[in-house]
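A short write-up of the structure that comes next.
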There are 2 protein chains.
Amino acid sequence: MKIAEVSQKFDISADTLRYYERIGLLPGVNRSEGGIRDYTEEDCNWVEFIKCMRGAGLSIESLIEYVSLFQQGEKTLKARKEILIDQREELENRIIEMQETLERLDKKIEYYESHLIPAQDMLVIAEN
Amino acid sequence: MKIAEVSQKFDISADTLRYYERIGLLPGVNRSEGGIRDYTEEDCNWVEFIKCMRGAGLSIESLIEYVSLFQQGEKTLKARKEILIDQREELENRIIEMQETLERLDKKIEYYESHLIPAQDMLVIAEN
DNA sequence: CCTTGACTTGGAGTCAACTCCAAGTATTAT
DNA sequence: ATAATACTTGGAGTTGACTCCAAGTCAAGG
């Protein structure tokens, strides 16, 4: 699969794909004789995985580390698992924080919904 | 309240507070005769609010718009409510996406937990 | 009054994560 | 074979959100 197809399939710009490769996040992509990238099925899986994890806010740094350990084989199973657990924890915390903020927004919207907000109560809207 | 206190109270650097003021996210902070910032209770509420919303990933741009409408008074109630609803929606979508990723991470961790991963199954870990 | 430390400004610098560019090479359609 | 299109590279530029800096002003203690 050429870069343009991968780009379209996963809605990631070709520049970003090349960038990921450059920084070691997507290593070992095969090339044709002419030097043109040819993504395997496995490469595509990684692309999809990275896109998903980046979408959830995992840092590129931690993903590079994960991928790099992966490439070093079975002896890194433990370290890889630890990264996953760490990142899982951080993600969960972010989600919890965001849910609290969501609830806060809901309350604010309720205030606005009840058309009962005189100017002097505006402060309350900001506070809550 | 002086900037250093506000900075400490909300764990936001004084530079960031000044930056927020400059870009119109935290307008109308009072000054002493000498020109030194003196945050009111209401200013502090805004600081806290902004910190919370930024923490959940709302863009500074949308927050500036909200604050700016707020300052224009009651006639902007509808527009403000719309911003809140839009942002709430986006936030919810992000949360949902992140929860899916959390579940995916959990599955991956489970794989690692069951010490049954031979080298040729590594692909599966990447895929799932 | 003088020193010390906190505050002020405008503007420059940093960081992560892309995104774009120019010059060149490869592939494909005619 | 040639033109048009897609790909390559290294490196520069951009964006959002800060973060730092220098030079100057202000305020509190001795």
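B:Ser59 has no side-chain polar atom (N or O) that falls below the 4.0 Å cut-off from OP1 or OP2 of D:dA17. A close approach under 4.0 Å does not occur between any side-chain nitrogen or oxygen of B:Lys2 and OP1 or OP2 of C:dG5. When the side-chain nitrogen and oxygen atoms of A:Arg37 are compared with OP1 and OP2 of D:dT9, one or more of them lie within a distance under 4.0 Å. For C:dT19, the OP1/OP2 oxygens have a side-chain nitrogen or oxygen of A:Thr16 closer than 4.0 Å. At the phosphate of D:dT9, neither OP1 nor OP2 sits under 4.0 Å from any side-chain N or O atom of A:Arg18. Contact check, B:Arg54 against D:dA17: a side-chain N or O comes under 4.0 Å of OP1 or OP2. In this model, the phosphate group of D:dT9 is not approached by any side-chain N or O of A:Arg22 to a distance below 4.0 Å at OP1 or OP2.
Where B:Leu58 and A:Ile36 meet DNA chain D, the nucleotide closest to each residue was compared, and A:Ile36 sits on the side nearer the 5' end. Toward the 5′ end of DNA chain D lies the nearest nucleotide of A:Gly35, the other residue of the pair A:Gly35 and B:Ser32 mapping further downstream.
Side-chain N or O atoms of A:Thr101 include one that pairs as donor or acceptor with a backbone N or O of A:Glu97 at under 3.5 Å.
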Quiz item: Passes side chain to side chain contact (heavy atoms under 4.5 Å, CB included), A:Tyr39 versus A:Leu17? Steps please.
Solution: CA-CA 11 Å; A:Tyr39 292 80; A:Leu17 288 170; 3.8 Å; yes
Quiz item: Does the pair B:Arg37 and B:Lys2 meet the rule for a side chain to side chain contact (heavy atoms under 4.5 Å, CB included), with working shown?
Solution: CA-CA 6 Å; B:Arg37 287 172 181 81; B:Lys2 285 195 203 164; over 6 Å; no
Practice problem: Could you walk me through whether A:Tyr20 and A:Lys51 pass side chain to side chain contact (heavy atoms under 4.5 Å, CB included), step by step? | Solution: CA-CA 11 Å; A:Tyr20 283 170; A:Lys51 182 178 180 172; over 6 Å; no
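Rounded to whole angstrom, the span from the CG atom of A:Asp38 across to the C1' atom of C:dT27 amounts to 14 Å. Spacing between atom CD1 of A:Ile60 and atom C1' of C:dC15 amounts to 12 Å, rounded to whole angstrom units. D:dT5 atom P lies 19 Å from atom CD of A:Glu5, rounded to whole Å. Here the C1' atom of nucleotide D:dC18 and the CG atom of B:Leu63 are 15 Å apart, to the nearest Å. As rounded to whole Å, 16 Å separates atom C1' of D:dG16 from atom CD1 of B:Ile50. Between the C1' atom of C:dA26 and the CZ atom of A:Arg31 lies a distance of 13 Å, rounded to the nearest Å. Atom-to-atom, CG of B:Leu17 to P of D:dA17 comes out at 16 Å; the value is rounded to the nearest Å. In this structure, B:Ile12 atom CD1 and D:dA17 atom P are separated by 14 Å, rounded to whole Å.
In this structure, B:Lys108 forms a cation-pi arrangement with A:Phe49, its terminal cationic atom sitting closer than 6.0 Å to the ring centre and no more than 45° off the ring axis. Because its NZ or CZ atom is both nearer than 6.0 Å to the ring centre of A:Phe70 and within 45° of the ring axis, A:Arg80 counts as a cation-pi partner of that residue.
Residue B:Ala4 is classed as a sugar-phosphate contact, given heavy-atom separations below 4.0 Å to backbone atoms only. Counting any heavy atom pair closer than 4.0 Å across all strands shown, B:Ile23 reaches no nucleic acid atom.
Between C:dC21, D:dT19, D:dC7, one nucleotide has an atom nearer to the side chain of B:Tyr19 than all others, and that is D:dT19. Proximity note for A:Tyr20 (side chain, C-beta onward) versus C:dC18, C:dT27, D:dT19: the nearest is C:dC18.
If you check distances only, the side chain of B:Asp15 does reach the base of D:dC20 with a donor-acceptor pair under 3.5 Å.
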